[in-house]
Amino acid sequence: MTANTSAKLVHVAVGVIVDSQQNILIALRPEDSHQGGLWEFPGGKVEKGETVEAALSRELNEELGLTLISCRPLIEIRHDYPDKSVLLDVWWVDDFTGQPEGKEGQPIQWVSASELSGYTFPAANTPIIHAVQVGLEAGR
Ligand SMILES: Nc1nc2c([nH]c(=O)n2[C@@H]2O[C@H](COP(=O)(O)OP(=O)(O)OP(=O)(O)O)[C@@H](O)[C@H]2O)c(=O)[nH]1
Ligand SMILES: [Mg+2]
């Protein structure tokens with residue numbers, strides 16, 4: 001049987017969380033996960049019947065213990081990995097409450113926009129990182 005990649009497109013809600021000092025929160029993906037051992041912007045799969053914002057809010061709570069207050073769309077990226085196709089729906093997270101923790105044991109780190117270039121992310125993230133750097137330079 002021939003796989004139909006578009007039928008398997010995985011819709012993912014992704015948050016670029018920015019604090020008052022313009023630092024960005026990144027997390028390390030577990031070794032045994034898809035694109036494991038690479039850094040990511042927190043988020044996860046949009047469930048059936050869920051809006052992207054609701055998925056983002058749920059994922060930020062599950063993964064980091066944060067409560068989302070406000071977010072705005074940043075960029076949408078469609079990327080085909082050899083084993084999987086993803087639609088990354090990326091949002092600025094401008095306001096949240098709570099102190100982020102790696103609730104699933106994942107290391108987390110606050111980094112400046114320029115420091116992002118020193119971390120290895122999945123291939124799909126290259127245009128996201130560019131958009132974050134341009135956006136923060138322009139004062140969003
Ligand atoms: N969260 C997140 N996922 C990303 C990024 N870049 C990227 O290619 N992905 C891909 O998006 C897909 C879904 O993300 P995820 O693993 O966070 O999904 P999830 O939280 O629902 O995890 P689960 O499958 O263990 O329930 C993965 O295939 C992952 O490799 C990113 O910056 N953040
Ligand atoms: Mg996730």
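Ligands are counted one by one from 1 in listed order, and the atoms in each one are counted from 1 as well. It should be emphasised that the depicted structure is a prediction, and the values quoted were computed from it without experimental measurement.
Annotation: side chain to side chain donor-acceptor pair (under 3.5 Å) contacts involving residues 119-138, sequence neighbours excluded, comprise Ser117-Gln133. For the side chain to side chain donor-acceptor pair (under 3.5 Å) condition, the pairs that include at least one residue of residues 24-43, sequence neighbours left out, are Arg29-Glu40, His34-Asp83. A ring-ring contact (aromatic ring centres under 6.0 Å, His included) check over residues 43-67, counting only residues at least two apart or in different chains, returns nothing.
Within a 4.0 Å radius of atom 17 (O) of ligand 1, the protein contributes at least one heavy atom.
Scanning Glu104, Glu63, Glu62, Lys45 for the heavy atom closest to atom 21 (O) of ligand 1 points to Lys45. One option in Asp83, Val10, Val12 has a heavy atom closer to atom 12 (C) of ligand 1 than any other, and that option is Val12. The residue among Val16, Val86, Leu87, Leu88 with a heavy atom at the shortest distance from atom 9 (N) of ligand 1 is Leu88.
Scanning the protein heavy atoms around atom 30 (O) of ligand 1, the nearest turns out to be His34 ND1, 2.7 Å. Summary of contacts: the protein heavy atom closest to atom 33 (N) of ligand 1 is Phe41 O, 2.7 Å.
With values rounded to the nearest 0.5 angstrom, Leu60 atom CG is found 6.0 Å from Leu64 atom CG. Atom CD1 in Ile75 sits 3.5 Å away from atom CD1 in Ile77 (nearest 0.5 Å). The line from CD of Glu76 to CG of Asp89 is 4.5 Å long, rounded to the nearest 0.5 Å. Expressed to the nearest 0.5 Å, how far CG of Asp95 lies from CZ of Arg72 amounts to 11.5 Å. Expressed to the nearest 0.5 Å, how far CD1 of Ile24 lies from CG of Asp19 amounts to 9.0 Å.
Screening the protein for N, O or S atoms under 2.8 Å from the Mg ion (ligand 2) yields 2; no waters enter the count.
Judged purely by atom type and a 3.5 angstrom limit, Gln106 uses its side chain to pair as donor or acceptor with the backbone of Glu104. Asn61 places a side-chain N or O within donor-acceptor distance of the main-chain N or O of Leu66, the cut-off being under 3.5 Å. Here the side chain of Glu63 pairs a donor or acceptor atom with the backbone of Gly43 at under 3.5 angstrom.
Counting the atoms of ligand 1 from 1 in the order shown, those under 4.0 Å from a heavy atom of Gln35 are 30 (O). Applying the 4.0 Å criterion to heavy atoms of Tyr81 picks out, from ligand 1, the atoms 7 (C), 8 (O). Counting atoms of ligand 1 from 1 in the listed order, those under 4.0 Å from a heavy atom of Gly44 are 17 (O), 18 (O), 19 (P), 20 (O), 21 (O). Interface of Gly43 with ligand 1, defined as ligand atoms under 4.0 Å from a residue heavy atom, comprises 1 (N), 17 (O), 20 (O). Short contacts between ligand 1 and Lys84, defined as distances under 4.0 Å to a heavy atom of the residue, involve ligand atoms 27 (C), 28 (O).
Residue-level proximity to ligand 1 for Asn125 is carried by the side chain, the only part with a heavy atom below 4.0 angstrom. By the criterion of a heavy-atom distance under 4.0 Å, the side chain of Arg29, and not its backbone, is placed next to ligand 1.
The only option from Trp91, Trp92, Phe121 that meets the ring-ring contact (aromatic ring centres under 6.0 Å, His included) definition with Phe41 turns out to be Phe121.
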